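Input: a single structure, listed below in C-alpha cells.
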Protein chains: 2
Amino acid sequence: MQRPGGRSARVRADVHAAALDLLQKHQWEELSVPMVAEASGVHQATIYRRWGTMSGLLNDVVSEWSATDAALPDIGSLRDDLLAYAAAVAKPLQEQMVPLILRAVVMEIRPGEKRQPSASFLEREQQLQEMLDRAEARGEAVPTLAELLEIVVAPLYFHALFSEPLPVKESARLVDRLLDVVAQRA
Amino acid sequence: MQRPGGRSARVRADVHAAALDLLQKHQWEELSVPMVAEASGVHQATIYRRWGTMSGLLNDVVSEWSATDAALPDIGSLRDDLLAYAAAVAKPLQEQMVPLILRAVVMEIRPGEKRQPSASFLEREQQLQEMLDRAEARGEAVPTLAELLEIVVAPLYFHALFSEPLPVKESARLVDRLLDVVAQRA
DNA sequence: GCGTTAATGCAAGAGTTTTCGCGTTATAGT
DNA sequence: ACTATAACGCGAAAACTCTTGCATTAACGC
C-alpha cells in the first residue's frame, strides 16, 4: 500500500524547493544530500531512502518541471505556431533555473550507453510533429521535425549552454530562417 | 620558483591518463580523487594539492585536450574549408570521450555568473573568423561567424548531447544548408 | 474513529573523502 | 657539483557522506 499523499507529498515539495533554491546559489557538484536535508527540514535518511542519491533527486526535480510544461500552441498559421513555440523554448532558457536543469540532463548521459530520450522529450517531439502535420493539412510548406530541431531549437540551446541565452525576440530570427530554408526548397 | 618539468610533468600526465581512462568506464559522479590516485599511482594528497577537486582536475584535462586540438584547414574554397571544419568538429563528437568532456564544460557553468568563454574557445572563434575573412577576400559570399555557429556547430553539439552524435558525413548537409542561407541572401 | 503499516525521524556507526604536518625526493638556478 | 626549496609521498586525523536498526508519526482502508 503506497501513500503518496499528505506528509509524503509535503516532504517531496519541500525537498524539491530546497534543491532548486540551493541550485541557484551553488554549483551542482557542491550540493549534497545533507545540505538539502538541512535546507528543507527533512531528515537526510528520508532523502537517501526516497531518492538514493543527489543525482536521483535532481532527476525527480527535472521530471516534475517537465511535467508541468505548458502545452503547445495552435494559433493558425505555421509561422505563428513556430514563433510561439520558439519563444516558449527560449523564455525558460533565460531563467537561471533552466540551464541548471539542462545541466542535470546532460549529467545523465552515461558513457557507452545508448541515450534514450526521456518520455517528456518524446512527447514533446510528437506534439511538434502534430503541429507540422496540421500545417501541412492546411496546404502550407512545412519543414521536417529534424529541420525544426536543428535550425531553431539547437541554436537556442547552444547559446544558453555555451554563451548567453538568446533574447526571446531573437528566436523569431531562427524561425524565419527555418521558413526560408523550406521556401527555397519548393 | 615553479617547477613544471621532470617529475611534475610526469605526475600530470599520469593523472590525466588515469582520469581519462576512468572516465570511459564510469560516470562522472562515480569518480573520486582516491580512485584516480589509485589508478595513476600518484598519492591522493598530491592530487588534492594540485587540482583541489575532481572538477578542477577534469578542467585541466579538458584544457590540455583543447590545446592539442588541430589547426584549422585552409584548403581553398570556402565550402571545402567549412566541410573540413565541420568534419573536424563532428568526428571527435563521435568518440565517447568528448561528450564526457563536453559534460565537464557544461558543469563549469556557474549559476548567476556571466559566462566567460574559455581561452581556447575564443581562439577557435578567431581562427574561424580568419577563415571567413580569407574567403571574403577571395570574393566569395560568406556567412557571419554567428551563422556558422548556429547553423553548423549548434546542431552538431545538439545531436551529440541530446541524442546520438551525427555521422561525420551528415555534417556536409549542415554546411550546404549554411551556404544556401548565404546564397539566398545575395 | 480505529488499526495497519508506509513513511519519516532519530542517532549511532560504518565508510569515504579531504586535510594536514612532516619527512623525502629531485628540479632549477648557481 | 651544490644548494635551496618546490613538489611529492606518507600516515594519521578531521570532516563529511551514507547506511542501518529502532522508535514515532500519520496516511489510507475499513
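This is a predicted model, so every value here is computed, not measured. We name chains A, B, ... by the order of the sequence lines, and we start the count at 1 in each one.
A salt bridge is absent between Asp180(B) and Arg185(A); no separation between the charged side-chain nitrogens and carboxylate oxygens falls under 4.0 Å. Between Asp21(B) and Lys25(B) there is a salt bridge, since a side-chain N of the basic residue sits under 4.0 Å from a carboxylate O of the acidic one. Classification of Arg177(B) and Glu150(A) as a salt-bridged pair holds, one side-chain N sitting under 4.0 Å from a carboxylate O. Between Asp60(A) and Arg50(A) no salt bridge is recorded (no basic side-chain N to carboxylate O distance below 4.0 Å).
If you check every strand for non-hydrogen atoms under 4.0 Å, Arg49(B) touches a base. Residue-level contact check: Arg10(A) touches the backbone only, with heavy atoms under 4.0 Å from sugar-phosphate atoms and none from bases. Contacts of Gln2(B) with the nucleic acid, taken as non-hydrogen atoms under 4.0 Å apart, involve only primed sugar atoms and P, OP1 or OP2.
Counting atom types as modelled, Arg50(A) pairs no side-chain N or O with a base atom of dT8(C) as donor and acceptor under 3.5 Å. On a pure distance criterion of 3.5 Å, no polar donor-acceptor pair joins the side chain of Arg7(A) and the base of dA26(D).
Rounded to whole angstrom, the span from the CZ atom of Arg12(A) across to the C1' atom of dA26(D) amounts to 19 Å. One interatomic measurement links the two molecules: CH2 of Trp51(B) to C1' of dT17(C), which rounds to 18 Å at whole-angstrom precision.
The 5' end of DNA chain C is approached more closely, in terms of each residue's nearest nucleotide, by Arg3(A) than by the other of Arg3(A) and Thr46(A). Between Ser8(B) and Val42(A), the residue anchored nearer the 5' end of DNA chain C, judged by the nucleotide with its closest heavy atom, is Val42(A).
For Ser32(B), a side-chain nitrogen or oxygen approaches OP1 or OP2 of dT17(C) to under 4.0 Å.
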